[in-house]
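Every value quoted in this text rests on a predicted model; they were computed, and no experiment measured them. Below, chains carry the letters A, B, ... as their sequence lines are ordered, and counting in each starts from 1.
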Amino acid sequence: MDGDLLGSLNAAQQQAVQTLDGPVLVLAGPGSGKTRVLTHRIAFLIGPAGIDPYNILAVTFTNKAAREMQARLDNLLGAGKAAALTVGTFHSICARFLRRDIVHLGRERDFAIYDADDQQRLMKRVLKDENLDEKKHPPRAIHAAISRAKNEFVDPEEYGRLGRTYYDEVVTRCYKRYQQLLRESNALDFDDLLVETVRLFEQHPQVLEKYQDRYLYMLADEYQDTNRVQYLLLKLLARKRRNLFVVGDEDQSVYAFRGADIRNIRYFEDDYPDARVVLLEQNYRSTQSILDVAQAVIQGGEKRKHAKRIWTENERGTLVQIQEGYDQEDEAQQVAAEIARLIASSEYRPGEIAIMYRTNAQSRSIEEALMARSLPYQLVGGTRFYERKEIKDALAYLRLAYNPNDTISFSRVLNWPGRGIGDRSEDELNRWAASLSVPNYVALQLLADEPNTQTPFTARMRKALLDFLTLIDELIAQRHQGDLGELMDFLFGRVGFQEALLREYGEEEGGERWANIEELRNASVSYVNLPRENQLPIFLEEVALVSDIDQMKENRDTITCITLHQAKGLEYPVVFLVGLEEGLLPHSRSLDEKDALEEERRLFYVGATRAKQRLYLFYAFRRATFGRTNLAQPSRFLADIPKAMVKPPARRATAPSQQTSMFGGRSSFGSSGVGGRVGSLPGRNGPTRPGASTFGASRSSTPAPATPRAAVFFAGQKVSHATFGDGVVVSSKLVENDEEVTVAFAGKGVKRLLASFANLQKVE
DNA sequence: GTACGTTCATTTTTT
DNA sequence: ATGAACGTAC
């Protein structure tokens, strides 16, 4: 890390870092070192300015970014110097505030945090309670409306006042019931974490003042992605001292769907007319070629208020490459082939390469292609660890041990593993508890304490329910008696977790799921040093608030497969953007809204500017969605890239009689037909000769009909040689009944060998 | 109350 | 294509 604090910064960065008091708005382009500016500013405050880190609050976009910032500060200042700094996402910071002060709102500290899945379940319960048809009122849609309202800081009453239509009325009713159930369960959903914090500050000025007096300096990253509630939070906290330092980039705003509002940048300038505005326009990350392409795409859109002039002193570098695949498998295949080539030539390591896509569903074909070549990769996103059913079930028990009134967790494990409590019993319990207006757990306690009360349960139902109550109470007792790990051991043994999984899923899958549970058990060891009472709550909170990107393993040397959204803030020497087609990027759901379309464009921009040295843009000629294949049109954003900015297309080894060149027959992207190229179907035109050209390595399983023999080796294949040892095939071509293989040997350099002669052994 | 079969929706993007 | 959700049969 940098030796001195300021020497390594340019003039604009220094200006931002050294501003001591007052509001600062930093408008920073991609790769302009804004993370460094934030970190160095904190270091500047703690060091030269002599501010106690206890008095600084930094909001990052992900928990991963928070951890990295702490690590950098340790490097700059010395380990532990910045330990008292408050740094994290809005959500984790608010959760912390609320644990401390939610009692001012007349609520309990031990609240549960509901994630997307919990929210969904709760929503279904609401629709049931309100006698609404799920078909007619999709829980997702209603919940989305509620979430939007919360992000705008609109409560159910106001929502009702604003509403005009029947649908508004339905949402209002659901919103009210939803909040009521949350309250009964002593739970907050993600949005509530922020909303309730603002409410706390507004209703209890003395609490707000406590925080205002503590946080003398505040910093926020990715400011363009803040929503109204987050904006209010910053505004309230900064009102007294006005030392608010925000960093953002309008061109990278890609979270409007969850309420992010670019206008917050303008509001900042309105709220603080004296704000110092710093522009960071120099890019240190990408080559000129990559920046040219990114700029061409972003400038093809609407006019922006703070149009920055991004520039770089970096070299021109390799030209950006646009490439068509026949379908998603071929696209993935070509990507994998090119990656294999880059790795084989020792130019790049797997960890320096990323593949980015619009939707998680696209990862599948990519994964398969990488797997087929034994290329190491990691998938960010998809089904997350903490969203697996068995994990959620285990967590539900743990949550009940902390907060037995948590309705969603309660109903989740009430009859898992099966203990004779069916839908009938559950419905009766729900209704009975509702009639007493108490949570289910409390209702069960009443049932146990007063055996003579009139209840709707048969003797058998009663026994099953009371057994469940005993189980919960044992868990609660155990939580006070031992460490988190011991609680888990007790839980798994008591409910027969492993047996239940094996019974339900069989030997193989059940075994895998149990292995996941063991992994969860392992995670508990990192909490053993905390005071016993804090282990469970802190564990549950972290589990609820970690994101996928936080889980990313940085030290592993693997190719990263990631959505464009999650890729924000990251950088890689080599980036592949795949699926650049109409309907995918821009996504079909954003086609009829101008703002949404512009957001898609920015997403493209974000993806392209992740690349440091090499950028590949891929699209497919046809693509399967929902099991149906359709012809695809190249993304309209590709049409904004002048031809001179991209590398002339690589000629495929399987060149059909007609052209395969992607520009052929078309004046530009986006328009004109795609006809005449069905002939480029790989595998139909004879054998593929792996490695014969950059993108020719499409290995088709279709047998080669008319060639003497097929190639045995392909780019990326690991081989071993008697003299040279282990190596990786760079390329291979067929020469007069033999195969000429170019191999990169570890430590021995690149050799050209004849397969018949060299006795190369395939490894794996 | 489970076990199997059929249907249906699912794909934006996430703290 | 795949999995969740619902239905009918034991």
Check the distance between [N]'s [atom2] and [X]'s [atom1] and give it to me in whole angstrom.
X: A:Arg628; N: B:dT11; atom1: CZ; atom2: P; result: 18 Å
X: A:Asn227; N: B:dT15; atom1: CG; atom2: P; result: 14 Å
X: A:Asn151; N: B:dT13; atom1: CG; atom2: P; result: 18 Å

Provide the full list of salt bridge (charged side-chain N to carboxylate O under 4.0 Å, His left out) pairs with a residue in residues 575-584 of chain A, sequence neighbours left out, each pair given once.
-> A:Glu581-A:Arg623, A:Glu582-A:Arg636

Checking ring-ring contact (aromatic ring centres under 6.0 Å, His included) for the pair A:His587/A:Phe257: CA distance, chi angles, key distance, verdict?
-> CA-CA 13 Å; A:His587 195 272; A:Phe257 68 90; over 10 Å; no

Has A:Tyr255 got its ring stacked on B:dT13, by the test of a centre gap below 5.5 Å and a plane angle below 30°?
-> no

Evaluate whether atom CZ of A:Arg100 has more than 12 neighbouring non-hydrogen atoms of other residues, nucleotides or ligands under 6.0 angstrom away.
-> no

Out of B:dT11, B:dT2, B:dT15, minimum distance to the side chain of A:Arg140 belongs to B:dT11

Check: [X]/[Y] side-chain N/O donor and acceptor closer than 3.5 Å:
X: A:Asp101; Y: A:Tyr211; value: yes
X: A:Glu222; Y: A:Gln224; value: yes
X: A:Glu428; Y: A:Ser425; value: no

May I ask you to verify if any side-chain N or O of [X] is less than 4.0 angstrom from the OP1 or OP2 atom of [N]?
X: A:Ser588; N: B:dT11; answer: no
X: A:Gln566; N: B:dT13; answer: no
X: A:Asn63; N: B:dT15; answer: no

Qualifying residue, where the test is side-chain hydrogen bond (donor to acceptor under 3.5 Å, both in side chains) with A:Tyr114 and the options are A:Asp191, A:Asp406, A:Asp192, A:Thr407 | A:Asp406

Could you check whether A:Leu585 gets within reach of a base, just the sugar-phosphate, or nothing at all, counting any heavy atom under 4.0 Å?
-> nothing

Secondary structure string for DNA chain C (Watson-Crick or G-U under 3.5 angstrom, | for other-strand pairs) | ||||||||||

May I ask you to say whether A:Asp118 pairs ionically with A:Lys392, meaning some side-chain N is under 4.0 Å from a carboxylate O?
-> yes

Candidate pair A:Leu188 and A:Ile102, rule side-chain contact (heavy atoms from CB on, under 4.5 Å), full reasoning | CA-CA 11 Å; A:Leu188 301 177; A:Ile102 198 169; 4.1 Å; yes

Summary of protein contacts for nucleotides 1-10 of chain C, nucleotide by nucleotide, where a base hit scores B, a sugar-phosphate-only hit scores S (4.0 Å, heavy atoms) = BS--S-----

Whole-angstrom distance between C:dC6 and B:dT11, as gauged at atom P = 16 Å

